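Below, read A as the first sequence line, B as the second, and so on, with proteins coming before strands; counting in each chain starts at 1. Every heavy atom of this structure was used, including side-chain atoms; hydrogens, water molecules and symmetry mates were not. Because the structure is predicted, anything quoted here is derived from the model rather than measured.
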Amino acid sequence: MELKFDPNNPKYKYIQTPSELDAALEVLEKDPVIGVDVEGTGLDPYTSTLLLVQLGNEEISYIIDARKVPLKEFPRYKALLEDPKRIKLLHNAKFDYKFLKVQTGARLKNIYDTMLAGAVLTAGLVGKNPSLKELSFKYCGIDLEKGVRKTFANYLGEITEAQLKYSGLDTLVMFPIFKAQVEELKREDMVKVAKLEFASTLAVAEMELRGMCINVPKWKEVIAGLEEKRKKYADEFQELIRPYYGTNSVDLFGNSVDSMNVNSQAQLMDLLNKRIGLNLISTNDEFLKAVDHPVVNVLRDYRKYEKLISAFGQSLLDKVNPVTGRLHPDYNQMGTATGRFSCKDPNLQQIPRNSEEAPFRKLFNPAPGYKLVTADYSSFEMRILADLSGDANMIKALKEDLDIHSYTASLMFNLPYTEDFKKQHPDLRQIAKPIGFGLMYGMSAAGLASQIGVSKEKGEEYMELYFKSYPSVRDFLNKLADDAVKKGWSTTPLGRKRWYKRPSPSDPDYRRQMGGIQRQAKNHPIQGTNADAIKFAFVFLQERLEKEGIDGGITHTVHDEIVSEIREDQAEDWAKIQSEEMVRAAELFITKVPVKSDPYVGDEWEH
DNA sequence: AGAGGTGGTG
DNA sequence: CATGCACCACCTCT
């Protein structure tokens, strides 16, 4: 690829005064594509200081010292970044967007993100988002020096020559990557999915900035209650196992001493199998709950509390932002091979559902004067399966709003479907339900059998009855598996691809790996279409928030659910809009069955 | 530092 | 022959 810059001697200009910035903008305003990058003293836009803002074209980078040039009072700078006609070229735009909005008041529009483009182009093959270093090597053969980036951490001094050179190259190198990726996206028919990622990342950035309110004092109370329970069961456990160890029951001062570490799987196996004489292959709850032994019972109780405390205790409260007093998780919009979001620090997508003892979700509340609006798609993946497979029976059931698992059971066991089928034949419905879910994961008859606790033969029989009821579902899923094996990828209707690394036939693990690919390929278009719809909903909702002048925004998402925080007087109207926009987004893909989304307005995160 | 086990979510 | 998708956090152990 022909470069418009010298990687060893990149052209840059260090901007320290408003008049210098005016001169730079004079040049940049002629460019249809602007490279953008920022350097700060840290990663958090609220607690770190913005040091540099680099703006450039494919030949030169203008490196603005944000401590010297008052960007907040610079309309011309803001107008350039917010110009909807000009493409802003960034790597991981979400990060820069947050800094630029918080610290300079500018909100990027119309972006191209080399990181997200790289991620959609390698989904399934690579576990993490591509770095700029990787992309610049791959597309331009340039080995970027990234050591300098670390020098910005907590940096308070004058900007050095090395820092300038490094910062300049960052914006320049994105141009050739951009050109190469666009060609690749066109070749792979992935322009639409890339555009969706680019558009939604700004809504994701807004969501992260907003964060979520958590009731810290009550959270601590709940944790304290759980700790009491954990201690009770821990003590009981040590008391119960003492006979199996004999010595070491007290230390030199007469205090009782633990015989073993309950949290150690190795020590537990030793206790349960060698000392107690059970014959367990694993200590997970699946196996423990099949055993009736006092030690095991107490262990299971202990584990329940230990899990809640370790995963959702103080470690989660430590993530509260000192400036905003709220939680601002890091959402990775290409965090999964299927296109779903992942979430971390903290992962609010795995907060337990409310229970009496641990009502965690009740402690996520709106700010004073606001409400939380929660809406999720109902049975969304089932609807996607019905639509994509085109199965007439499944479509009919969803169109008529029947209880889908009861209807399935009525077809499987040749019984009439009635309003009270669920009450009449709970057992049959209980057989049909796991098949419906399992199928979307590519589950086999054997897997089904072990899950519902029947023989392999019975499992096969049920599976056969299910597929006889929904014949097109079988054909659809089988075709997905076959195509993935043949082509090496699967796709959603939008064009979101997932690639597969097919094993060599001589690989001893060949069968198992091929089986895995087939299961992933059966699931990907379903889970991926859910993701496509949620991301369109993000884009639509962000547009509506701005258009309607809503005081509030999206605060959270959990795969098929979106939570927003809206000023009280606008919350009811917004609830309707949120559901409508979620449905509108889903209907871009789902046309043969109805899509439903019911909103809930309240002071707690619930659904 | 990384792997394996366990368990929380959709 | 193996046999349910997608994640992340915490713990222990090496």
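Contacts of A/D427 classified as side chain to side chain contact (heavy atoms under 4.5 Å, CB included), with partners at least two apart in sequence or in another chain: A/H425. Taking the salt bridge (charged side-chain N to carboxylate O under 4.0 Å, His left out) definition, one finds that A/D401 meets it with A/K596, sequence neighbours left out. Applying the side chain to side chain contact (heavy atoms under 4.5 Å, CB included) criterion to A/A481, with sequence neighbours excluded, gives A/Q518, A/K522. Scored by the salt bridge (charged side-chain N to carboxylate O under 4.0 Å, His left out) test, A/D235 finds A/K231 as partners (sequence neighbours excluded). The side chain to side chain contact (heavy atoms under 4.5 Å, CB included) test applied to A/K220 returns A/V216, A/Q314, A/L317, not counting sequence neighbours.
Between A/R584 and A/E581 there is a salt bridge, since at least one side-chain N of the basic residue sits less than 4.0 Å from a carboxylate O of the acidic one. Between A/E381 and A/R340 a salt bridge is recorded (basic side-chain N to carboxylate O distance below 4.0 Å).
Residue contacts for A/R300: at a heavy-atom cut-off of 4.0 Å it reaches no nucleic acid atom on any strand shown.
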Pairs under 3.5 Å (N/O, protein and nucleotides 1-4 of chain C):
residue	atom	partner	partner atom	Å
C/dC1	N3	A/R511	NH2	3.1
C/dC1	N4	A/R511	NH2	3.2
C/dG4	OP2	A/S444	OG	3.2
C/dG4	O3'	A/R519	NE	3.1
C/dG4	O6	A/Q451	OE1	3.1
C/dG4	N1	A/Q451	OE1	3.2

Check the interface with nucleotides 1-5 of chain B: list each N/O to N/O pair with the protein under 3.5 Å, or write none.
residue	atom	partner	partner atom	Å
B/dG5	O3'	A/Q265	OE1	3.2

Under 3.5 Å between N/O atoms: give me all the protein pairs with nucleotides 8-11 of chain C, atom names plus distance.
residue	atom	partner	partner atom	Å
C/dC8	OP1	A/S342	OG	3.0
C/dC8	O4'	A/N347	ND2	2.9
C/dC8	O2	A/Q350	NE2	3.1
C/dA9	OP1	A/D345	N	3.1
C/dA9	O4'	A/Q350	OE1	3.3
C/dC10	OP1	A/S315	OG	2.8

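Remark: C1' of B/dT6 and CE of A/M269 are 13 Å apart, rounded to the nearest angstrom. Taking atom CG on A/D330 and atom P on C/dC7, their separation rounds to 16 Å, with Å as the unit. We find that NE2 of A/H556 is positioned 12 Å from P of B/dT9, with the value rounded to whole Å. Going from atom CZ of A/F341 over to atom C1' of C/dA6 covers 14 Å, rounded to whole Å. We find that NE2 of A/H559 is positioned 16 Å from P of B/dG8, with the value rounded to whole Å. Atom CG in A/L299 sits about 11 Å away from atom P in B/dT6, given to the nearest Å. Atom-to-atom, CD1 of A/I309 to C1' of B/dG8 comes out at 14 Å; the value is rounded to the nearest Å. In this structure, A/Q520 atom CD and C/dC7 atom C1' are separated by 13 Å, rounded to whole Å.
Comparing the same atom, P, in C/dC1 and in B/dT6 gives a spacing of 26 Å after rounding to whole Å.
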task = Give the C-alpha distance, both sets of side-chain angles, the deciding distance and a yes or no for salt bridge (charged side-chain N to carboxylate O under 4.0 Å, His left out) between A/E197 and A/K535.
result = CA-CA 7 Å; A/E197 294 299 339; A/K535 285 175 176 175; 2.8 Å; yes

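Residues of residues 474-497 of chain A that place a heavy atom closer than 4.0 Å to DNA chain C do not occur.
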Distance-only donor-acceptor pairs under 3.5 Å for side chains of residues 274-287 of chain A, two or more places apart:
residue	atom	partner	partner atom	Å
A/R275	NE	A/D270	OD2	2.9
A/R275	NH1	A/Y244	O	2.9
A/S282	OG	A/N284	N	2.9
A/T283	OG1	A/Q265	OE1	3.2
A/T283	OG1	A/R303	NH2	2.9
A/N284	OD1	A/E286	N	2.9
A/D285	OD1	A/R300	NE	2.7
A/D285	OD2	A/R300	NH2	3.0

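Residue pairs meeting the side chain to side chain donor-acceptor pair (under 3.5 Å) criterion with at least one partner in residues 202-216 of chain A, sequence neighbours excluded, are A/K94-A/E208, A/Y97-A/E206, A/K98-A/E208, A/K101-A/E206, A/R107-A/E206.
Taken from OH in A/Y500 to CE in A/M514, the straight-line distance is 12.0 Å, to the nearest 0.5 Å. To the nearest 0.5 Å, the span separating CD1 on A/I517 from OG on A/S490 amounts to 10.0 Å. One distance of note links CG of A/D387 with CD1 of A/I526; it measures 11.5 Å at 0.5 Å rounding. One distance of note links CH2 of A/W489 with NE2 of A/H524; it measures 10.5 Å at 0.5 Å rounding.
Secondary-structure stems of DNA chain B, taken as three or more successive Watson-Crick or G-U wobble pairs (i with j, i+1 with j-1) under a 3.5 Å distance threshold, comprise B:1-10 with C:5-14.
Donor-acceptor pairing under 3.5 Å, judged by distance alone, is absent between the side chain of A/R353 and the base of B/dG8.
Note on A/R498: a side-chain N or O is less than 4.0 Å away from OP1 or OP2 of C/dA6.
Side-chain atoms of A/Y407 and A/S469 include no donor-acceptor pair closer than 3.5 Å. Residues A/D44 and A/N321 bring a donor and an acceptor atom of their side chains to less than 3.5 Å of each other.
Each of A/L439, A/I435, A/V454 was checked for a side-chain contact (heavy atoms from CB on, under 4.5 Å) with A/L448, and the lone residue meeting it is A/I435.
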